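Written out below as structure tokens is the structure these notes cover.
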Amino acid sequence: MELSKNYQPQATEDKWNQHWRNSAYFTSVPDDRPAYTVVIPPPNVTGVLHMGHTLNETVQDILVRKARMSGFNACWVPGSDHASIATESKVVQMLKEQGIDKNSLTRDEFLKYAFEWKEKYGGIIYNQIEKLGCSVDWNRATFTMDDHYYKAVIKVFVDLYNKGLIYRGARMINWDPAAKTALSDEEVEFRDLTGTLYYLEYKLVNENGEPIEAPLEGRGGIMIATQRPETIMGDTAICVHPADERYAHLKGKFALVPLINRRIPIIFDEYVDATFGTGALKVTPAHDINDYNLGLKHNLEVVDTLNADGTLSEAAQIYIGEDRFAARKKIVSELDEKGFLLKKEEYQTRLGYSQRSGAVVEPRISTQWFVKMKEMSAPALKAVVDGDINIHPGDKFIATYKYWLENVKDWCISRQLWWGQQIPAWYDDQGNMVVAENEYDAIQQMQNTHGTVSAHGGKLVQDEDVLDTWFSSWLWPMEVFKGISEPGNKEAEYYYPTAVLVTGQDIIFFWVARMIMAGMHYKNLKPFSDVYFTGMVRDKLGRKMSKQLGNSPDLLLLIDKYGADAVRFGIMISSPAGNDLLFDEASLEQGRNFNNKIWNALKLVKMWQGRVSDHAGKHSTPIEAPEVTTGILSSPEAISTFAIDWFESRLNLVRKEMETTYSQFRLSEGLKTLYSLIWDDFCSWYLEWIKPGFEQPIDAEVYQKTLSFFEALMQMLHPFLPFITEEIYHLLKDRSVEDDLAIKQFEPLKESNHRILAEGELLKKVISAIRDARNKNQLKPKDLITLSVLADEREAYADIELILAKQVNADRVIYIKSAPANTVVIAVEKDKFYFESGKEIDSEGLKMELQKDLEHQQKFLESVSKKLGNERFVVNARPEVIELEKKKQADAVVRIKTIQESLAGL
RNA sequence: GGGAGCAUAGCUCAGUUGGUUUAGAGCAUCUGCCUUACAAGCAGAGGGUCCGCGGUUCGAACCCGUGUGCUCCCACCA
């Protein structure tokens, strides 16, 4: 079979995806093996995968595939989130484009459109997950509005209500005027900006309504500062500090709200900072949380001057129906015209924006549903603080987590939307309310507690609102196994708790903390043992990815261009846990190149397939075995024996390292390790060492060993790059389709031979040093040299001299006892190597270089000697450290001598 | 205003209890190679005040203090 010049991912990826799926490798059912469960952070059902998802899914797939290949019953549950606000606003937008106003629809009509939308676009995200190579169990795909899931959410609501952990009440909440719904505190994002502070004059009057003199000289008014002049019509007091002498005489006096002339009292409270602005504060209880609290304390009237959509209400008296920001402009100019606007000032401030709609959030008093958080937070805090749940990277997030849980406020869970789980509260026409899992139960309860239903025709009205999306997703690790709707079922018992949660650090409060709360509350068990926080994916300039900037690449286009393996490589290669990742297409190119490198190694090995010889012996040197003048006789077998032993040891060592790397979730580092093992150790060293000469046969044993090394490498790399590894695994030995890497189990770890590893390192060092010298002396790669070795222990070279000769293109290796004249000299550790350059040596340049090196070595020797001469060092340092320093010293002495000899010879 | 984290080569980052560190890797750069697996490649090379200052120690990139710069989270001063 002819192998293509370069690796071509497209056909390969589709083929294996299909095959894996047909073989049901990723379908999990409980069995005797330990479970390794991962639940996907469910993406928005109508969204597309962005680079952040790509990173998360890749990390999860690596962990899941590794576990599957290590004896675990791996189960990765995919799914999607109904994402109430985000999806509803998309559907509303879509309807608007079709000329349909949401308000003209009934709830059921709207939901029908929404479900149609979900059916149409919900599959996109699943398709992308599969394209990326994610080994999820599609049979378990769960949507947060599936029937059982919906019921579970309702059941939890009712349960928490009955336990007194959910309540309904009027509070000041965050209001999104664009989506026209309440938001939780977490859904508000603050942004710094420059605003304008308007200084306004309020006229003062006494008890009888007569104007009085006031601090604002000659004007009879008091000056206050505000960012929001459009709310003045909601003012119900002016507040000053009780100890502020400027205003002491205003006790019992009143101010008049400009433009509408409403009379409001002057009140005194220590809340006011007398040094800020004018020291006088307008109090607008309906539109500011602080003012609201002040209002409660001083029993002030609440005048809500805004409608739900952010326009001015009847209560505002003027500019009714105008948007708050338009009204602000008009009010400012009217205030200016009428002389109430005294001055304007630029001002650094922060405004809250709705995370979903982007609208400026309005503090608003409204009746909503809340979850009491205090009680539930304690076990969730303990689980993390005690180390029952491990967060990676740890120290960075534990403090944040702890602070939030210790200061958590009640969670506003009702949303004035239709898309989501409808709150299971029912009302009769007299305002009585019951909470029940369904209408039937509600009627029963209403009859029992209030006796009202039958008298009024059995009609109850269900609460219009739906629940916050996170009120459903906090049950995710439990309910994907029906752990809430069918508690104690076999699957839930087997798969829960899950192994690891991989998610972005931005949803630590929204989701992670709340899942822990729910898990502790309902199972008394943590939902996962480890949390792996990925950083945010940014562009290469460090900017967030956004549609506006157009710097958010399309995943499918990237996969088309580079292949899914290359995308996985690119996103993983520099993404240490918890650090932001600067996404650069160059890293995908690197991934593509790596795939190609592996592909070409396959081509090389496959070329040997027809030239395997049982009689070739183990020697497969490309050149005639070089003549070696030595007391020790190297056998021709040595070359391949050493290469095989060495690589086997490298392989075993790296396998061991990888186990540690996995257990610490250092996946990026693990990928680098494998990259280097394959590219450097396997391709650049091992394959070059054992490569037969042009059209020479290869020994059968060497060939078989090489195939099994290659296989082992593919197996180790499989979790990271599943497609190309599976493909190569099959091509290597022309395997049947049933024998697949995706489910192949790792062999037990083996020890590696440290002596051989050390010899290998020495060999690499010597080869590089001699090649460097060849380069510097302008020898062409084809120019043969004769290599002379001056070594204390010739035995050290017995195993490696043939490889050495081959790799530096030497026709002979001669062991000598003293330095020959007129040669290039190279010192590696304690040994010296010489060859004739056959060309004019650039003695001046060489001299300078040697001189520079000499100085460096002398300086080094000095520092080591000083250290060893220091009595306190010799007394305090560990013996092995001292040994090491002595070795360094000895090596330096030898090297200095070598350099001096070379200098003398020039 | 409170808290957390970071600062090592042009870029992105390793550096695990202070001593194999004479500080490493990948990418980028430079030099030489179209060597029959691979130019998406091969063989090499150059490149660092480990943010500044002070301290602890026989010894500091690492520990302590301090300053500077960046990032993030939290918070109800108009």
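First the proteins, then the strands, lettered A, B, ... as listed; each starts at 1. None of the values given here were measured: they were computed from a predicted structure. The figures here come from the full heavy-atom set of this structure, side chains too, leaving out hydrogens, waters and symmetry mates.
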Listed nucleotide nearest any side-chain atom of M607(A), set G26(B), G32(B), A37(B): A37(B)

Given G19(B), A37(B), G26(B), the nucleotide with the shortest approach to the side chain of K603(A): A37(B)

How long is the line joining [atom1] of [X] and [atom2] of [N], in whole Å?
X	N	atom1	atom2	value
L868(A)	G19(B)	CG	C1'	12 Å
K597(A)	A39(B)	NZ	C1'	11 Å
I728(A)	C38(B)	CD1	C1'	12 Å
D565(A)	A40(B)	CG	C1'	15 Å
N596(A)	G41(B)	CG	C1'	9 Å
W599(A)	A40(B)	CH2	P	18 Å
D680(A)	A25(B)	CG	P	10 Å
E659(A)	U16(B)	CD	P	22 Å

More than 12 heavy atoms from other groups under 6.0 Å of CD on Q348(A): yes

With rounding to whole Å, what would you report as the distance between [N] and [M] at their [atom1] atoms?
N	M	atom1	answer
U12(B)	U8(B)	P	9 Å
A43(B)	A28(B)	P	15 Å
G46(B)	C27(B)	C1'	16 Å
G5(B)	G47(B)	C1'	29 Å
G26(B)	A45(B)	P	12 Å
G55(B)	U16(B)	C1'	26 Å
C51(B)	C13(B)	P	15 Å
U68(B)	C77(B)	C1'	30 Å

Below 4.0 angstrom from OP1 or OP2 of [N], is there any side-chain N or O of [X]?
X	N	value
R774(A)	C33(B)	no
K691(A)	A37(B)	yes
K888(A)	U22(B)	yes
S587(A)	G26(B)	no

Exam field: side chain [X] to backbone [Y], donor-acceptor pair closer than 3.5 Å:
X	Y	result
R771(A)	Q807(A)	yes
Q10(A)	D560(A)	yes
K597(A)	I678(A)	no
S676(A)	K672(A)	no
S684(A)	W679(A)	yes
R592(A)	A566(A)	no

Looking at every strand, decide which applies to [X] at a 4.0 Å heavy-atom threshold: base, sugar-phosphate, or nothing.
X	result
Y675(A)	sugar-phosphate
C683(A)	base
K540(A)	nothing
W679(A)	sugar-phosphate
N876(A)	base
A877(A)	base
K672(A)	sugar-phosphate
S668(A)	nothing

Aromatic stack F873(A)/C58(B): centroid gap under 5.5 Å, interplanar angle under 30°: no

Flag side-chain contact, heavy atom, 4.5 Å: L183(A) against I173(A): no

Side-chain touch V808(A)/F833(A), heavy atoms, less than 4.5 angstrom: no

Contiguous pairing runs of three or more, Watson-Crick or G-U under 3.5 Å, that involve RNA chain B: B:1-7 with B:68-74, B:10-13 with B:24-27, B:29-33 with B:41-45, B:51-55 with B:63-67

Salt bridge (Lys or Arg N to Asp or Glu O under 4.0 Å) partners of E362(A), counting only residues at least two apart: R228(A), R324(A)

Residues in salt bridge (Lys or Arg N to Asp or Glu O under 4.0 Å) contact with R191(A), at least two apart in sequence or another chain: none

From CD (E589(A)) to NZ (K561(A)), nearest 0.5 Å: 7.5 Å

Aromatic ring pairing W608(A)/Y703(A), orientation class (parallel under 30°, perpendicular over 60°, tilted between): perpendicular

Salt-bridge present (D681(A), K764(A); N to O < 4.0 Å): yes

Heavy-atom protein contacts under 4.0 Å, nucleotides 44-50 of chain B, coded B base, S sugar-phosphate only, - none: SS-----

Sugar-phosphate or base contact per nucleotide [nucleotides 70-78 of chain B; S, B, -; heavy atom under 4.0 Å]: ---SSBBBB

Position toward the 5' end of RNA chain B (nearest nucleotide), L602(A) or R872(A): L602(A)

Any donor-acceptor N/O pair under 3.5 Å between A37(B) base and E688(A) side chain: yes

Non-neighbouring partners of W404(A) that pass ring pair (Phe, Tyr, Trp, His ring centres under 6.0 Å), sequence neighbours left out: F509(A)

